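Bear in mind that the values here come from a model prediction, so they are computed numbers and not experimental data. Any value given below was found using the heavy atoms of this structure, including those in side chains, with hydrogens, waters and symmetry copies removed. By convention in this document, chain letters (A, B, ...) are assigned in the order of the sequence lines, proteins followed by strands, and residues within each chain are numbered from 1.
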Amino acid sequence: MVDVKTLSDYMEPKTLEEAEQIQKELAKRLALCPLDFSQISLIAGVDVSYIDDQALGIVVLINKELEIVEVVSERMKVTFPYIPGFLAFREAPVIIKCFEKLKNRPDVALFDGQGIAHPRKLGIASHVGILLDLPTIGIAKSVLYGKCQKPSTVGQATLLKGQDEEVLGYCYLSKKNTKPIIISPGYKTDLDSSLHIVKSLLNGFKLPEPVRLAHLYSQKFKGS
DNA sequence: GCGACAG
DNA sequence: ATCTTGTCGC
Ligand SMILES: [Mg+2]
């Protein structure tokens, strides 16, 4: 079960300074390690859409055959504005509600956003991964932090580097004639594991299935 | 001070 | 993210 009471302390900062301090504290608990693929059976995709001041969170669970196993959604009033570098404070609350509602336990979760490719290594994937103690990976549609060369051929992954040439993730061209995606480990996963699992989850589209489906449902669920 | 800037 | 139809390209 999820300890909501404790989690709220990490999701309701009243100032940006406080939010930044929370990120620095959580970052101390950041841990990266390889994924044990033989133990992976359920993969989650996470995304959030908005209807006025309401956030609609979606978590989609699929198996290794890319078949949908479970889908949950939750709504919640938005309380934090969108500020680059602080997305988790806006989307994590409703996302965590979704995970509490989930019947199955995913072995790893892919988020629509950054993992450690963040100024303080605490993108939304890392943030939520630490709070729920769940292996996570960030799948972003653009760069927030770091520099990288543009991959030229499909299947090519270039290194996304931060301060002092530190590798934070990959810029990966998953499909022709599309913008490359930014892949970065979030929590309890690493660079190689993240790239490897994302490749196994591509199904003809730019985004890996879990994230693509989560985004699809987050839009589709507007109206019921 | 100026520019960058996930969703 | 959201406001929004058709249209060009693979
Ligand atoms: Mg999103």
Sorted by number, the residues of residues 191-223 of chain A with heavy-atom contact under 4.0 Å to DNA chain C: H215(A), Q219(A), K222(A)
Whole-Å gap separating C1' (dC5(B)) and CZ (R90(A)): 15 Å
Using a cut-off of 4.0 Å on non-hydrogen atoms, how would the nucleic acid contact of G85(A) be classed: base, sugar-phosphate, or nothing? base
Out of I181(A), V198(A), I139(A), which one pairs with V211(A) under the side-chain contact (heavy atoms from CB on, under 4.5 Å) rule? I139(A)
So F86(A), base contact, sugar-phosphate only, or nothing? Heavy-atom distance under 4.0 Å. base
Considering just the side-chain nitrogens and oxygens of S142(A), establish if one lies under 4.0 Å of OP1 or OP2 belonging to dG7(B). yes
How far apart are the C-alpha atoms of K161(A) and E166(A), what are their side-chain angles, what is the distance that settles it, and do they pass the salt bridge (Lys or Arg N to Asp or Glu O under 4.0 Å) test? CA-CA 5 Å; K161(A) 299 176 179 178; E166(A) 179 182 14; over 6 Å; no
Would you verify whether the NZ or CZ of R212(A) falls within 45 degrees of the ring axis of F205(A) while also being under 6.0 Å from that six-membered ring's centre? yes
Can you tell me how far P of dA6(B) sits from CG of L122(A), to the nearest Å? 16 Å
Please report, rounded to the nearest Å, how far the C1' atom of dG7(B) is from the CG atom of L87(A). 5 Å
Distance only, no hydrogens: is a donor on one side chain within 3.5 Å (strictly under) of an acceptor on the other, for N63(A) and S41(A)? no
To the nearest angstrom, how far is K147(A) atom NZ from dG3(B) atom C1'? 10 Å
Whether F99(A) and F111(A) hold their rings parallel, tilted or perpendicular, with breakpoints at 30° and 60°: parallel
Atom pair distance, as rounded to whole Å: CG in D112(A) and P in dA6(B): 12 Å
Short side-chain donor-acceptor distance under 3.5 Å, Y170(A) and Q156(A): no
Nearest-nucleotide check on DNA chain C, K176(A) vs E91(A); residue mapping nearer the 5' end is E91(A)
L144(A) CG to dA1(C) C1': how many Å, rounded? 15 Å
To the nearest angstrom, how far is D53(A) atom CG from dA1(C) atom P? 18 Å
Is there aromatic stacking of Y82(A) on dA1(C) here, judged by a ring-centre distance under 5.5 Å and a plane angle under 30°? no
Ignoring hydrogens and geometry beyond distance, is a side-chain donor-acceptor pair present between R75(A) and Q54(A) at under 3.5 Å? no
Within the structure shown, what part of the strands sits under 4.0 Å from I124(A) by heavy-atom distance: base, sugar-phosphate, or nothing? base
Return the value, rounded to whole Å, for the distance between atom CD of Q163(A) and atom C1' of dA4(B). 14 Å
